[in-house]
Novice: 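Submitted below is the structure of interest, expressed as structure tokens.
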Amino acid sequence: MTPADAPTAFVIDDDAGVRDSIQGLLKSVGVRCESFRSAEEFLRRNRPDGPSCLVLDVRLPGVNGLDFQRELADAGLQIPIIFITGHGDIPMTVKAMKSGAVEFLTKPFLDQTLLDAIHQALDRDRSTRQQQVKLAELRKRYATLTAREREVMALVVSGMLNKQIASELGTSEITVKIHRGHAMRKMEAESLAELVRMAGKLEIAPGPK
């Protein structure tokens, strides 16, 4: 049994021969692979939890590969894409890469070239997933802060001193120090620099309102 969180490469190509060839190649190096003849067929599949990537033919029945790339982005579905095509050109390649594709390969291509691109794509997705987990944990910590602790945190990361924050909020400096300490503890920040980095990741607008 293959674990549900194992890396998976999804192949979308209307040529059965191409699908079988890539599936056999990936199986030979121990990478799980699922193949589909159309984008619509792929969308009906529930993606597993592990890292994944998409090996996508540019010319497909129905929606073409470049349009499908845009549709996935518009829907907020993040998955690294490797384009393959027998009819590539420079404008097509530039458009795909500017939209975030990992690679754009013109058939015929070397097996190793495809494998390198797939491993790069899976590494990218693995890294993205790890960042998403860390961000979710940060948001969870931030949610434990009171409204006043959030205000103090925003002013602290803007570079204001405790006495300036006290003046801004109409409170005492000792009260600001208490709220600042609570915010640091709840966010598990060991330094001001770390708190600033956390605020940046959370996209907290610094400074007074």
Side-chain angles (χ1 to χ4, degrees), residues 2-136 139 200-203:
T2 305
D5 59 352
T8 305
F10 298 106
V11 179
I12 306 178
D13 196 306
D14 60 341
D15 186 327
V18 171
R19 295 198 305 270
D20 291 344
S21 175
I22 295 175
Q23 202 153 10
L25 172 65
L26 293 177
K27 184 178 180 181
S28 72
V29 295
V31 175
R32 183 166 67 177
C33 176
E34 295 183 27
S35 62
F36 310 86
R37 68 175 305 277
S38 69
E40 292 78 10
E41 190 178 317
F42 166 74
L43 288 175
R44 290 194 293 269
R45 167 72 164 94
N46 291 325
R47 284 172 58 190
D49 293 332
S52 60
C53 69
L54 195 55
V55 179
L56 181 61
D57 190 15
V58 172
R59 300 183 187 275
L60 292 168
V63 62
N64 70 47
L66 292 173
D67 288 341
F68 187 53
Q69 180 188 33
R70 189 180 65 251
E71 287 181 10
L72 288 174
D74 290 345
L77 297 175
Q78 295 184 339
I79 180 169
I81 297 174
I82 299 154
F83 280 104
I84 56 175
T85 182
H87 312 280
D89 56 37
I90 292 175
M92 190 183 292
T93 304
V94 170
K95 182 178 180 181
M97 299 304 287
K98 279 188 173 181
S99 297
V102 174
E103 189 58 272
F104 195 99
L105 304 177
T106 303
K107 302 171 186 175
F109 43 77
L110 296 174
D111 287 351
Q112 191 58 51
T113 301
L114 177 60
L115 288 175
D116 288 346
I118 287 173
H119 285 303
Q120 181 185 346
L122 291 173
D123 285 344
R124 180 188 291 188
D125 196 46
R126 190 177 289 110
S127 176
T128 297
R129 287 166 179 269
Q130 290 171 348
Q131 290 170 7
Q132 289 171 340
V133 168
K134 290 179 182 177
L135 182 57
R139 286 175 175 157
K201 291 175 182 177
L202 291 168
E203 298 182 350

Novice: Just wondering, do Ile84 and Leu56 contact through their side chains at under 4.5 Å, heavy atoms?
Specialist: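 Result no, sub-4.5 Å side-chain heavy-atom pair not found.
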
Novice: With distance as the sole test, does Ser127 use its side chain to make a donor-acceptor pair with the main-chain N or O of Arg124 at under 3.5 Å?
Specialist: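 Checking the backbone N and O of Arg124 against the side chain of Ser127, no donor-acceptor pair under 3.5 Å is found.
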
Novice: Please indicate whether Gln78 has more than 12 foreign heavy atoms, meaning atoms of other residues, nucleotides or ligands, lying under 6.0 Å from its CD.
Specialist: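 At most 12 heavy atoms, drawn from other residues, nucleotides or ligands, come within 6.0 Å of this atom.
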
Novice: Roughly how far, to the nearest 0.5 Å, is the CG atom of Leu135 from the CG atom of Leu202?
Specialist: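 Reported to 0.5 Å precision, the distance equals 6.5 Å.
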
Novice: Show which side-chain atoms of residues 97-115 pair as donor or acceptor with protein atoms under 3.5 Å away, not counting sequence neighbours.
Specialist:
residue, atom, partner, partner atom, Å
Ser99, OG, Lys95, O, 3.0
Lys107, NZ, Asp13, OD2, 3.2
Gln112, NE2, Asp116, OD1, 2.8

Novice: State which residues pass side-chain hydrogen bond (donor to acceptor under 3.5 Å, both in side chains) with Ser35; sequence neighbours excluded, sorted by chain then number.
Specialist: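 Residues passing side-chain hydrogen bond (donor to acceptor under 3.5 Å, both in side chains) with Ser35: Gln23.
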
Novice: Go through the structure and list residues passing salt bridge (charged side-chain N to carboxylate O under 4.0 Å, His left out) with Arg139, not counting sequence neighbours.
Specialist: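 Arg139 satisfies salt bridge (charged side-chain N to carboxylate O under 4.0 Å, His left out) with no other residue.
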
Novice: Please determine which of His119, Arg32, Arg126 meets the side-chain contact (heavy atoms from CB on, under 4.5 Å) test together with Pro7.
Specialist: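 Of all the options given, the one that passes is Arg126.
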
Novice: Would a 4.5 Å heavy-atom cut-off, applied to side chains only, mark Cys53 and Ile118 as touching?
Specialist: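 Yes, side chains in contact.
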
Novice: Using a strict cut-off of less than 4.0 Å between a Lys/Arg side-chain nitrogen and an Asp/Glu carboxylate oxygen, indicate whether Arg129 and Asp125 qualify as a salt bridge.
Specialist: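 Answer for the salt bridge query: yes.
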
Novice: How about Gln69 and Leu66: do any of their side-chain heavy atoms sit closer than 4.5 Å?
Specialist: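 Side chain of Gln69 against side chain of Leu66, heavy atoms only: contact under 4.5 Å found.
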
Novice: Holding to salt bridge (charged side-chain N to carboxylate O under 4.0 Å, His left out), I want the full list of residues that pass it with Arg45, two or more places apart in sequence or in another chain.
Specialist: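 For Arg45, the residues satisfying salt bridge (charged side-chain N to carboxylate O under 4.0 Å, His left out) (neighbours in sequence not counted) are Glu34.
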
Novice: Test: ring-ring contact (aromatic ring centres under 6.0 Å, His included). Region: residues 16-75. Which pairs qualify, not counting sequence neighbours?
Specialist: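 Qualifying pairs, neighbours excluded: Phe10-Phe42, Phe36-Phe42.
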
Novice: Considering only heavy atoms from C-beta outward, does the side chain of Leu122 approach that of Thr8 to under 4.5 Å?
Specialist: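 The answer is no; the side chains never approach within 4.5 Å.
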
Novice: Working to the nearest 0.5 Å, report the span between CG of Leu26 and OG of Ser21.
Specialist: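 If we round to the nearest 0.5 Å, Leu26:CG and Ser21:OG are 9.5 Å apart.
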
Novice: Would you mind reporting whether Glu71 and Val63 have side-chain heavy atoms less than 4.5 Å apart?
Specialist: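 Answer yes - side chains close enough.
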
Novice: Can you find a heavy atom in the side chain of Ser38 that is under 4.5 Å from one in the side chain of Leu60?
Specialist: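 They are not in contact (no side-chain heavy atoms under 4.5 Å apart), so the answer is no.
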
Novice: Under the rule for side-chain hydrogen bond (donor to acceptor under 3.5 Å, both in side chains), what residues qualify as partners of Thr85, not counting sequence neighbours?
Specialist: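 Residues passing side-chain hydrogen bond (donor to acceptor under 3.5 Å, both in side chains) with Thr85: none at all.
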
Novice: Given the rule in the side-chain contact (heavy atoms from CB on, under 4.5 Å) test, do Gln131 and Lys201 qualify, once you have shown the distances and angles that lead to the verdict?
Specialist: CA-CA 10 Å; Gln131 290 170 7; Lys201 291 175 182 177; over 6 Å; no

